[in-house]
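Here's the structure we're looking at; comments come further down.
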Amino acid sequence: MQARKGARKPDAQLNRRDFIRRAALLGAASGLALSGCTTAYGASNATEDVTTEPTVDASAPGDAGALDCSDTSGLNAAEISTREQLKYVEQTPKPAQDCANCLHWKPVSGEGCGGCAIMAGKFNPRGWCIAWVATRS
């Protein structure tokens, strides 16, 4: 039996959904890189200091002392939009993947919120987004 012309091997190529997802991520990362980045966290006019102490939310029952890095008040609309497009969340839905073990993670001295190489703002080390990439060994 002969394979159809143009038929693809199941594991050799990306499917259309994966291709579009990766192209969107590349576009978002390229836009940040080309937007005149002048800070280490991918924002040209970020006013937020990533090295500041994180906010602690002690009001949640059973979760006292949880780290809260969700404040976006110092970010502009484009930076907030990038976070939304990359679907950043404070708690990872994938136990083996979180910000702290992502290639883009930028730790700060001490414990607390960190930064990201492709997005502006503060990020929870237990957070996650669709741009997660395993750190190189």
Side-chain angles (χ1 to χ4, degrees):
M1 189 167 163
Q2 188 175 14
R4 287 188 335 222
K5 183 177 179 180
R8 60 184 175 154
K9 297 175 188 172
D11 295 330
Q13 295 180 348
L14 294 174
N15 63 34
R16 183 178 296 167
R17 180 177 293 158
D18 287 339
F19 174 79
I20 291 171
R21 182 179 299 139
R22 289 181 184 189
L25 289 174
L26 179 61
S30 298
L32 287 174
L34 297 175
S35 67
C37 300
T38 58
T39 68
Y41 300 103
S44 59
N45 60 353
T47 58
E48 182 174 71
D49 182 8
V50 178
T51 61
T52 58
E53 287 299 312
T55 306
V56 175
D57 179 12
S59 62
D63 196 21
L67 188 60
D68 181 9
C69 305
S70 62
D71 182 20
T72 59
S73 61
L75 304 179
N76 65 36
E79 293 163 341
I80 292 170
S81 176
T82 299
R83 288 170 72 109
E84 291 169 353
Q85 289 173 355
L86 295 179
K87 300 183 184 340
Y88 171 72
V89 293
E90 284 283 304
Q91 288 294 321
T92 183
K94 302 181 178 196
Q97 299 177 6
D98 60 27
C99 290
N101 68 11
C102 178
L103 180 65
H104 306 302
W105 177 249
K106 301 294 183 188
V108 295
S109 59
E111 305 250 346
C113 301
C116 179
I118 63 172
M119 291 188 283
K122 295 190 287 185
F123 298 90
N124 192 315
R126 293 178 306 264
W128 182 86
C129 78
I130 62 174
W132 182 92
V133 177
T135 55
R136 295 181 186 142
S137 299

Hey, are the side chains of [X] and [Y] touching, using non-hydrogen atoms and a 4.5 Å cut-off?
X	Y	answer
W128	Y88	no
L67	C113	yes
E90	S70	yes
C102	Q97	no
D98	Q91	no

*Show your working on side chain to side chain contact (heavy atoms under 4.5 Å, CB included) between I118 and L86 and close with a plain yes or no.*
CA-CA 10 Å; I118 63 172; L86 295 179; 4.0 Å; yes
*Looking only at non-hydrogen atoms, find the nearest pair between R83 and C69 and report the distance.*
NH2-O, 3.9 Å
*For N101 and W132, which heavy atoms make the closest approach, and how far apart are they?*
OD1-NE1, 2.9 Å
_Show, in sequence, the C-alpha distance, side-chain angles and deciding distance for V133 and W105, and conclude whether the side chain to side chain contact (heavy atoms under 4.5 Å, CB included) test is met._
CA-CA 10 Å; V133 177; W105 177 249; over 6 Å; no
*Residue pair C99, C116: steps toward the disulfide bond (SG atoms under 2.5 Å apart) verdict*: CA-CA 8 Å; C99 290; C116 179; over 6 Å; no
_Just verifying a value: how many Å separate I80 CD1 and Q85 CD, rounded to the nearest 0.5 Å?_
12.5 Å
*Do I130 and L103 belong together in a cluster built from hydrophobic side chains that touch within less than 4.5 Å?*
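They do not share one cluster, since no chain of ILVMFWY contacts under 4.5 Å joins I130 to L103.
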